[in-house]
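Take a look at the structure below.
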Number of protein chains: 2
Amino acid sequence: MSLPHAILGFLNVMPMTGYDLKTQAFDRSVAHFWPAVQPQIYRDLARLEAAGHVRSETEVQRGKPNRRVYHITPAGRTELDRWLRTSPAVPGHREPFLIQLFFGAGLANSELTALLQAQRAGHQARLDALQAVTIPPPAPADVRRQTLTRLTLDLGLHLERAYLNWLDDALRTVAALDPAPAPAPMTDTDA
Amino acid sequence: MSLPHAILGFLNVMPMTGYDLKTQAFDRSVAHFWPAVQPQIYRDLARLEAAGHVRSETEVQRGKPNRRVYHITPAGRTELDRWLRTSPAVPGHREPFLIQLFFGAGLANSELTALLQAQRAGHQARLDALQAVTIPPPAPADVRRQTLTRLTLDLGLHLERAYLNWLDDALRTVAALDPAPAPAPMTDTDA
DNA sequence: CGTAGCATGTAAACAGTTACATGATTGT
DNA sequence: ACAATCATGTAACTGTTTACATGCTACG
């Protein structure tokens, strides 16, 4: 749902190739909240072209492969505009780590701690990456756009900090658990 | 990746049908961090059976459709155990709403506010749902399991509160924005 | 001489959602 | 008479990821 519209959003700023979209646009700005891989971008570009939302021309280059440059059409701009005003449902949250924790009563405290610490390292790295993003000094015409960009970064910061706080709580809680591993859930063999 | 292991986790506690897994197990416990729909459960059960991780027998019932009861095999228990100790990578976060915000500089302040408020309502509802979950009084043998369950709920609470805090910040920020809509990004027609 | 960057994609698998189909029983 | 619960699934689609394939140039 969102990826084609993100592509339209970028092409609405300037025409680009699929490769540009991946390396210049996605990986440098929205990757923190919407990572995209190349095959997906190419596929959605093909679909958008079929739908008349974008069009492309091939630029011949010497020595390098040809560039297929996509640009948005008026119909694409209309669609983007419509979508931007449409309120999306809050999507279901998926947290694979919590499944482990939920079923992890049979693990030793040390094993639980190791899992929590691995998550901690991953989320700390995320937070560091977000904090390393520098927003260039505001060009006066761009204040509005930059403010919104800063807000998207802020959400990442809020969520990663909250996650880290929870991990620290969880580490303390696990450390305080009676070290006896839980009775194994009923099994065929030991019943 | 996680769904088949969650199924193994439940079947490790007791044998169940696909329907039970959906209505008794998933919807009542892990749905907050791993929603699952029926076709997925049935498909993964078929795959798990093909892999030898579960087996099933059909119980004939009068008046009601037959029950196909699945139970975990020793191989399934081994696989579950292995997986529980394997540290998962922190998954890429996808937040469709941020794409709108990122590209939303052309919207009026009132439109941005409306989008933010719709998200706020959705996340407040989530928080309310999490807070409404009551954990039954701890059976002494289950302290460990219950502690871990409580931790999974706690993460949801932490994250939803952080999201709401950010939304409130964002609403204030947008309210303070110069109401002039941003200059439209360069287009074919108005260049 | 190997690696990274430029630039295109295809193929195939896996994950997730929505809609459909069946059919009995129990409750309003 | 209608809806909900029990209980099974299939079909079709959309979205996401991983691996593969091609070929040239510039850098160390």
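Labels below follow one simple rule: chain letters A, B, ... track the order of the sequence lines, proteins then strands, and each chain is numbered from 1.
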| request: Please check the phosphate of C:dG5 (OP1 and OP2 only) for any side-chain N or O of A:Thr23 closer than 4.0 Å. | output: no

| field | Lys/Arg-Asp/Glu bridge criterion (N-O < 4.0 Å) met for B:Arg77, B:Asp81 | value | no

| Which nucleotide in the list D:dT18, C:dT17, D:dG9 gets nearest to the side chain of B:Tyr42? | D:dG9

| field | Protein-nucleotide distance (B:Lys22, atom NZ; D:dT5, atom P), rounded to Å | value | 13 Å

| field | Listed partners of A:Asp27 passing side-chain contact (heavy atoms from CB on, under 4.5 Å), at least two apart | value | A:Lys22

| note | Rounded to 10°, the angle between the first-five-pair and last-five-pair axes of the helix from C:dC1-D:dG28 to C:dT28-D:dA1 is 30°

| Among residues 43-57 of chain B, which residues get a heavy atom nearer than 4.0 Å to DNA chain D? | none

| query | Pick the nucleotide of DNA chain C nearest each of A:Pro39 and A:Arg67; which residue has the one closer to the 5' end? | reply | A:Arg67

| query | Of A:Ser2 and B:Gln24, whose nearest nucleotide on DNA chain D comes first from the 5' end? | reply | B:Gln24

| note | To the nearest angstrom, the CD-C1' distance between B:Gln38 and C:dT17 comes to 13 Å

| task | If a pair satisfies side-chain hydrogen bond (donor to acceptor under 3.5 Å, both in side chains) and one of its residues is in residues 28-45 of chain A, list it, with sequence neighbours excluded. | result | none

| Quick one: do B:Arg68 and B:Glu49 make a salt bridge, cutoff under 4.0 Å? | yes

| query | When the distance from CD1 of B:Ile7 to P of C:dA15 is rounded to whole Å, what number comes out? | reply | 11 Å

| said: Base, sugar-phosphate or nothing for B:Pro35? Non-hydrogen atoms, less than 4.0 Å. | reply: nothing

| task | On the 0 to 90° scale, with breaks at 30° and 60°, tag the A:Phe10-B:Phe103 ring pair as parallel, tilted or perpendicular. | result | perpendicular

| task | Could you note down all residue pairs passing salt bridge (Lys or Arg N to Asp or Glu O under 4.0 Å) where residues 31-41 of chain A supplies at least one of them, sequence neighbours left out? | result | none

| message | Can you confirm whether more than 12 heavy atoms, excluding those of A:Arg55, are under 6.0 Å from its CZ atom? | response | no

| Per B:Asp20 side chain, nearest of listed nucleotides C:dT8, C:dT17, D:dA7 | D:dA7

| Distance, rounded to the nearest Å, where A:Tyr19 contributes OH and C:dA4 contributes P | 13 Å

| note | Closest to the side chain of A:Val37, out of C:dG9, C:dT17, D:dT18, is D:dT18

| query | Residues two or more places apart in sequence or in another chain: which of them pass side chain to side chain donor-acceptor pair (under 3.5 Å) with B:Thr152? | reply | none

| Atom CG of B:Asn66 to atom C1' of C:dA24: distance rounded to whole Å? | 12 Å

| For the residue pair B:Phe97 and B:Trp166, does the interplanar ring angle fall in the parallel (under 30°), tilted (30 to 60°) or perpendicular (over 60°) class? | perpendicular

